[in-house]
2 protein chains.
Amino acid sequence: MDAMQKRSSTIQDVARRAGVGVGTVSRVLNDHPNVTQATREQVLRVIADLGYRPKSAAVTLRTRQTREIGLITDEIATTPFAFDLIRGAQDEAWAHQSILVLINTSGNLDLLNAALDQMYDRQVRGVLYAAMFHQPVNLPERFRELPAVLVDCYSEDRSLPSVVPNEIQGGQDAVATLLQHGHRRIGFINYTTDQPAVVGRLEGYRRALAAAGVAYDPTLVRQADIAPEAVYRTTIQLMQQPDRPTALFCFNDRTAMWAYDALRDLALRVPEEVAVIGFDNQELLAANLRPPLTTMQLPHYEMGRWAVHHLIAGNPQPSPTAPQVQLDCPLVWRASV
Amino acid sequence: MDAMQKRSSTIQDVARRAGVGVGTVSRVLNDHPNVTQATREQVLRVIADLGYRPKSAAVTLRTRQTREIGLITDEIATTPFAFDLIRGAQDEAWAHQSILVLINTSGNLDLLNAALDQMYDRQVRGVLYAAMFHQPVNLPERFRELPAVLVDCYSEDRSLPSVVPNEIQGGQDAVATLLQHGHRRIGFINYTTDQPAVVGRLEGYRRALAAAGVAYDPTLVRQADIAPEAVYRTTIQLMQQPDRPTALFCFNDRTAMWAYDALRDLALRVPEEVAVIGFDNQELLAANLRPPLTTMQLPHYEMGRWAVHHLIAGNPQPSPTAPQVQLDCPLVWRASV
DNA sequence: CTGTTAGCGCCTTCAA
DNA sequence: TTGAAGGCGCTAACAG
């Protein structure tokens with residue numbers, strides 16, 4: 001390894017070759033105005049010749065700041081969302097000449113603390129903490145000791161800035177879409193917990209109905225575990241009741257997938273006889289179902305961007321008034337409505 | 001931001017408080033033997049009191065080495081595999097007190113070069129380059145200037161070490177499983193390109209047949225685009241031919257998903273009337289299909305681990321003899337066989 | 001406008 | 001076994 005690491009040139013080398021002082025080189029490096037055009041060009045030429053690049057370790061040591069942003073994830077692993085979030089964060093970080101440093105904690109508190117240690121040691125500009133799904137979280141106090149933004153989660157006490165999906169808007173727009181297509185009896189297969197997505201999407205459902213002057217019918221709203229049989233059975237029940245729904249709003253794309261199964265067994269065609277709309281926009285599922293599923297997209301990419309932007313531009317401080325931003329879930333049009 | 005960054009303590013602070021020289025502190029920090037037990041404990045106590053942690057920038061500047069590993073990905077974005085690979089890499093890196101620095105290039109060459117610049121500047125221990133799917137790649141020469149390992153891809157000239165899935169073994173084991181369950185006429189819905197996965201899995205198919213003394217019947221092997229209709233049609237054709245196959249080996253889980261559709265329309269039950277085995281083990285699909293899909297798992301986690309391990313322990317040098325490792329694809333048993 | 005100098009925080013000789 | 005001193009590569013303050 002050492003063999004190949006030909007000692008790269010330093011600012012001294014550049015200064016010498018260019019016949020100037022290191023201070024001057026440093027100035028052109030940092031776009032300081034006090035350099036004549038001539039010397040600047042001269043220095044730039046030598047830099048190019050030598051292929052010189054400043055060592056970030058030296059810069060950090062001197063300036064006490066890095067161009068790194070920590071991304072700590074909590075077992076976000078199994079979902080394809082993770083990478084969208086990472087991409088969004090990276091794209092924004094890159095726009096600020098910064099780079100992502102990644103740690104997945106697997107939901108392990110010791111690892112989380114170790115991750116924070118790392119972030120300190122490296123003097124990152126700040127830290128993102130991303131959860132696997134929209135939820136409240138309880139983070140160690142130490143999180144308040146450096147700039148931090150929560151993604152797809154929020155601290156119980158609301159003292160840290162966070163960005164999450166707008167579940168209500170998502171639910172409302174989904175149902176409004178169904179309404180616009182003439183549906184009046186809209187079934188809703190929700191999930192059983194009380195997580196924000198469940199509560200928010202239901203609220204959106206009600207608001208859309210209310211806005212359209214359609215009465216809320218509790219027999220149309222069911223809760224089912226996210227499991228094949230549970231959803232299958234619920235769908236069958238829903239569709240076999242008198243005055244059956246003509247459209248289905250599903251808690252997420254997996255739910256919709258199993259509802260598809262039930263509808264097929266019921267010989268009900270999508271979308272001709274029953275319209276279906278999902279949530280999440282898990283490409284792998286939604287785009288590959290038959291017919292392709294119309295669904296609401298979770299704004300992971302945008303949340304990643306927002307979080308990094310806020311970290312860099314928002315100078316986030318822990319405080320009771322930390323912003324809690326909700327990003328819209330846009331409709332992704334396919335063929336199930 | 002500055003407000004919260006209470007200047008953390010330095011090695012000097014520790015030395016002063018402990019009544020020793022900085023050299024001594026440095027020694028206990030680095031487990032140097034020449035420190036008496038007494039002073040070591042004394043220093044350790046002060047370190048704990050102060051919550052002192054060495055700044056990595058200073059260490060790097062001095063030692064010229066970091067504890068960072070670069071991970072450059074090529075638009076690996078859309079697949080859920082990405083995170084498994086990242087997790088594997090991180091877990092192994094962590095075991096070596098190292099951390100991942102991530103850059104996604106979106107297949108953009110300029111970004112790739114910029115990424116390499118970053119890696120140089122940061123003096124990372126080495127770099128992983130991961131592709132979206134198993135394929136040959138052509139990387140810039142600069143890749144040869146620092147320790148690098150390719151993941152899920154390999155350089156055309158084989159000069160860089162790489163780790164990829166063992167497609168042949170995967171195909172062979174998949175088909176062998178079917179054979180063991182008594183199937184003799186096994187359909188294979190392959191993909192149309194000539195990428196390693198396509199070629200390798202076919203080879204595996206043939207080997208399994210040969211090993212079982214079953215003649216290779218070309219009418220059972222089809223190539224279909226990875227698109228719903230193409231697979232659907234192919235499946236129908238395959239199953240309607242005289243002496244139809246009793247089992248189906250699908251190029252990947254998405255292919256299997258659409259084959260399911262065709263089989264259902266043909267009123268053929270899985271696995272009672274037709275056994276199906278997929279490839280990739282995309283949890284989101286495989287586990288959620290009805291019945292859940294038996295499939296071969298792509299070893300992304302393991303490839304990530306192997307790559308980092310080799311980077312750190314293998315002292316990789318670009319050379320014509322760089323190792324090209326293939327990792328097995330284990331069978332994931334569900335309910336479709 | 002430019003060169004020189006003093007550290008940033010740490011590790012590593014070199015003496016003691 | 002330990003302390004002191006030098007320097008890693010860079011920026012910023014200070015003269016000039």
Side-chain angles (χ1 to χ4, degrees), chain A residues 2 5-44 46-47 50-68 97 117-118 120-124, chain B residues 2 5-44 46-47 50-68 97 117-118 120-124:
Chain A
D2 315 300
Q5 302 282 37
K6 53 178 180 216
R7 160 111 99 284
S8 53
S9 42
T10 75
I11 200 172
Q12 303 265 15
D13 302 329
V14 176
R16 200 171 317 125
R17 286 261 298 233
V20 300
V22 292
T24 301
V25 178
S26 177
R27 268 168 229 129
V28 345
L29 245 23
N30 298 291
D31 289 317
H32 190 96
N34 286 357
V35 186
T36 51
Q37 186 60 13
T39 43
R40 178 184 304 281
E41 281 170 5
Q42 159 70 350
V43 170
L44 251 17
V46 175
I47 287 179
L50 258 38
Y52 166 77
R53 316 206 87 238
K55 252 91 188 143
S56 60
V59 176
T60 298
L61 181 57
R62 183 59 237 232
T63 63
R64 293 152 177 280
Q65 31 180 341
T66 56
R67 296 196 161 281
E68 300 178 2
Q97 289 81 254
D117 285 343
Q118 287 293 330
Y120 277 108
D121 300 351
R122 316 193 100 79
Q123 298 166 284
V124 298
Chain B
D2 316 299
Q5 302 284 38
K6 52 179 179 211
R7 160 110 98 286
S8 52
S9 41
T10 75
I11 200 173
Q12 303 265 15
D13 301 330
V14 176
R16 200 171 316 125
R17 286 260 297 234
V20 300
V22 292
T24 301
V25 178
S26 177
R27 270 168 226 128
V28 345
L29 246 22
N30 297 292
D31 289 318
H32 190 96
N34 286 357
V35 186
T36 51
Q37 186 60 14
T39 43
R40 179 185 302 281
E41 281 170 6
Q42 159 70 351
V43 169
L44 250 18
V46 174
I47 286 179
L50 258 39
Y52 165 78
R53 316 205 87 237
K55 251 91 187 145
S56 61
V59 175
T60 298
L61 181 57
R62 182 57 237 235
T63 64
R64 294 155 179 279
Q65 24 180 342
T66 57
R67 295 195 162 282
E68 301 179 2
Q97 289 82 254
D117 285 344
Q118 287 293 329
Y120 278 107
D121 301 351
R122 312 192 111 74
Q123 298 166 281
V124 298

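Proximity of a side-chain donor or acceptor of S56(A) to a complementary backbone N or O of D121(B) within less than 3.5 Å is detected. With hydrogens and angles ignored, the 3.5 Å screen pairs a side-chain donor or acceptor of T66(A) with a backbone N or O of Q123(A). A donor-acceptor pair under 3.5 Å is absent between the side-chain atoms of T39(B) and the main chain of V35(B), judged by distance alone. Distance alone, capped at 3.5 Å, places no donor-acceptor pair between the S26(B) side chain and the V22(B) backbone.
Each of dC11(C), dG9(C), dC10(D) was ranked by its minimum atom distance to the side chain of R64(A); first place goes to dG9(C).
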What are the atom names and distances for every N/O pair under 3.5 Å that joins the protein to nucleotides 2-5 of chain D?
residue, atom, partner, partner atom, Å
dT2(D), OP1, T36(B), OG1, 3.0
dT2(D), OP1, T39(B), OG1, 3.2
dT2(D), OP2, T36(B), N, 3.0
dT2(D), OP2, T39(B), OG1, 3.2
dG3(D), OP2, G21(B), N, 2.9
dG3(D), OP2, T24(B), OG1, 2.4
dG3(D), N7, R27(B), NH2, 3.3
dG3(D), O6, R27(B), NH2, 2.6

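R62(A) pairs by the salt bridge (Lys or Arg N to Asp or Glu O under 4.0 Å) definition with nothing, not counting sequence neighbours.
Between L29(A) atom CG and dT2(C) atom P the separation is 15 Å, expressed in whole Å. If you measure from atom CG of L61(B) to atom C1' of dG7(C), you get 12 Å, rounded to the nearest angstrom. Atom P of nucleotide dC11(C) and atom NZ of K55(B) are separated by 12 Å, given to the nearest angstrom. Remark: C1' of dT12(C) and CD of Q65(B) are 14 Å apart, rounded to the nearest angstrom. The CZ-P distance, from R122(B) to dC8(D), rounds to 22 Å in whole Å. As rounded to whole Å, 12 Å separates atom P of dG7(C) from atom CD of Q12(B). We find that CD1 of I11(A) is positioned 15 Å from C1' of dG7(C), with the value rounded to whole Å. If you take CG of D121(A) and C1' of dG9(C), they are 13 Å apart, rounded to a whole angstrom.
From one end of the helix from dC1(C)-dG16(D) to dA16(C)-dT1(D) to the other, with five pairs defining each end axis, the axis direction shifts by 40° (rounded to 10°).
E68(A) and E68(B) make their closest contact through OE2-OE2, 3.7 Å (heavy atoms, listed as atom of the first residue, atom of the second, distance). Closest approach of G21(B) to A15(B), counting heavy atoms only: C-CB, 3.8 Å.
Two residues are said to be in side-chain contact when any heavy atoms from C-beta on lie closer than 4.5 Å; V25(A) and R16(A) fail this criterion.
Residue P33(A) is the one, among N30(B) and P33(A), whose nearest nucleotide of DNA chain C lies closer to the 5' end (criterion: closest heavy atom).
Checked against P54(A) for a side chain to side chain contact (heavy atoms under 4.5 Å, CB included), the options I47(A), V14(A), L29(A) give a single hit: L29(A).
A donor-acceptor contact under 3.5 Å is not formed by the side chain of R62(A) with the base of dC8(C).
In this structure, T10(B) does not reach the dG9(C) phosphate: none of its side-chain N or O atoms is under 4.0 Å from OP1 or OP2.
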